[in-house]
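Beneath this line is the structure, given in structure tokens, with notes to follow.
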Amino acid sequence: MTQKRFTRTELVTRLVRAGELEVSGADPVEAATYFDTEKFRFHGPDGFESDFPGLTAYFASVREAFDDRSIRRGIVVVGSDRMACQTWIEGTFVREFVQSPVGPVPPNGQRVVFDLLNIFRIDERGRFVEEWARVDNGNLLRQLGAVGG
């Protein structure tokens with residue numbers, strides 16, 4: 001049996017949809033279909049490492065802390081079994097954010113933008129197997145009101 005070869009457009013569509021589902025929480029079952037839930041590994045800033053349940057828990061904490069959430073993808077590069085993109089996740093900070101880079105942070109009512117660079121490794125079924133994400137934690141913490149400046 002041969003595996004389906006995904007076009008660039010199909011992979012970008014999958015990337016956008018997976019992000020929308022994680023940020024909205026609208027359909028966790030569908031969201032999981034975009035990932036190899038057993039092998040998935042996340043590599044984040046400052047040595048933060050996680051698996052798929054950990055990524056799901058992180059997005060649950062984002063959904064809990066922020067109202068009026070949205071996600072946008074910028075430049076997307078696709079090559080072989082990798083994708084890279086710009087990502088902006090934003091929302092209004094209205095409840096405690098328990099998974100900030102410095103632990104729980106009380107809300108400040110401000111609009112917060114997570115400005116990320118992501119690289120994904122994709123398997124032959126078009127699922128995300130690995131993700132590397134970079135964000136300027138200093139900027140994020142300033143927006144959260146967790147540091148001066």
Counting C-beta onward and ignoring hydrogens, is there a side-chain heavy-atom pair between [X] and [Y] closer than 4.5 Å?
X	Y	value
Cys85	Phe120	yes
Gln86	Arg72	no
Arg127	Phe40	no

Give, for atom [atom1] of [X] and atom [atom2] of [Y], the distance between the pair rounded to the nearest 0.5 Å.
X	Y	atom1	atom2	value
Thr13	Tyr34	OG1	OH	9.0 Å
Thr92	Phe66	OG1	CZ	9.0 Å
Arg69	Arg63	CZ	CZ	7.0 Å

Exam field: side chain [X] to backbone [Y], donor-acceptor pair closer than 3.5 Å:
X	Y	answer
Asn108	Gln143	yes
Ser100	Val102	yes
Arg8	Val78	no

Test His43 against Glu131 for side-chain hydrogen bond (donor to acceptor under 3.5 Å, both in side chains), laying out the working first.
-> CA-CA 6 Å; His43 313 284; Glu131 176 182 1; over 6 Å; no
Begin from the C-alpha positions of Trp132 and Arg121 and carry the test side chain to side chain contact (heavy atoms under 4.5 Å, CB included) through to its verdict.
-> CA-CA 9 Å; Trp132 294 264; Arg121 185 169 61 86; 4.2 Å; yes
Between [X] and [Y], is there shared hydrophobic-cluster membership here, with clusters defined by ILVMFWY side-chain heavy atoms closer than 4.5 Å?
X	Y	answer
Val76	Phe35	yes
Phe52	Ile122	yes
Trp88	Val12	no
Leu11	Leu15	yes
Phe6	Val77	no

Would you sort out whether Asp36 and Arg125 count as a side chain to side chain contact (heavy atoms under 4.5 Å, CB included), showing the intermediate values?
-> CA-CA 9 Å; Asp36 181 329; Arg125 294 172 55 193; over 6 Å; no
Considering all heavy atoms, the nearest [X]-[Y] contact:
X	Y	value
Ile71	Gly19	CD1-CA, 3.8 Å
Glu96	Ala65	O-CB, 3.4 Å
Val105	Phe93	O-CZ, 3.4 Å
Ser50	Gly54	OG-CA, 3.1 Å
Arg82	Ile119	CD-CG2, 4.5 Å
Arg14	Thr33	NH2-O, 3.6 Å

Going by atom types only, do Asp115 and Asn139 share a side-chain donor-acceptor pair under 3.5 Å?
-> no
Asp67: partners by salt bridge (Lys or Arg N to Asp or Glu O under 4.0 Å), with sequence neighbours left out = Arg95
Excluding sequence neighbours, so at least two apart, what forms salt bridge (Lys or Arg N to Asp or Glu O under 4.0 Å) with Asp136?
-> none
Worked check of side chain to side chain contact (heavy atoms under 4.5 Å, CB included) between Val62 and Phe97 | CA-CA 7 Å; Val62 169; Phe97 184 31; 3.9 Å; yes
State whether the number of non-hydrogen atoms from other residues, nucleotides or ligands found under 6.0 Å of Glu38 atom CD is greater than 12.
-> no
Kindly list each side-chain donor-acceptor pair under 3.5 angstrom involving residues 21-29, sequence neighbours excluded, with atom names and distances?
from, atom 1, to, atom 2, distance (Å)
Ser24, OG, Glu20, O, 2.9
Ser24, OG, Ala26, N, 3.0
Asp27, OD1, Val29, N, 3.3
Asp27, OD1, Glu30, N, 3.0

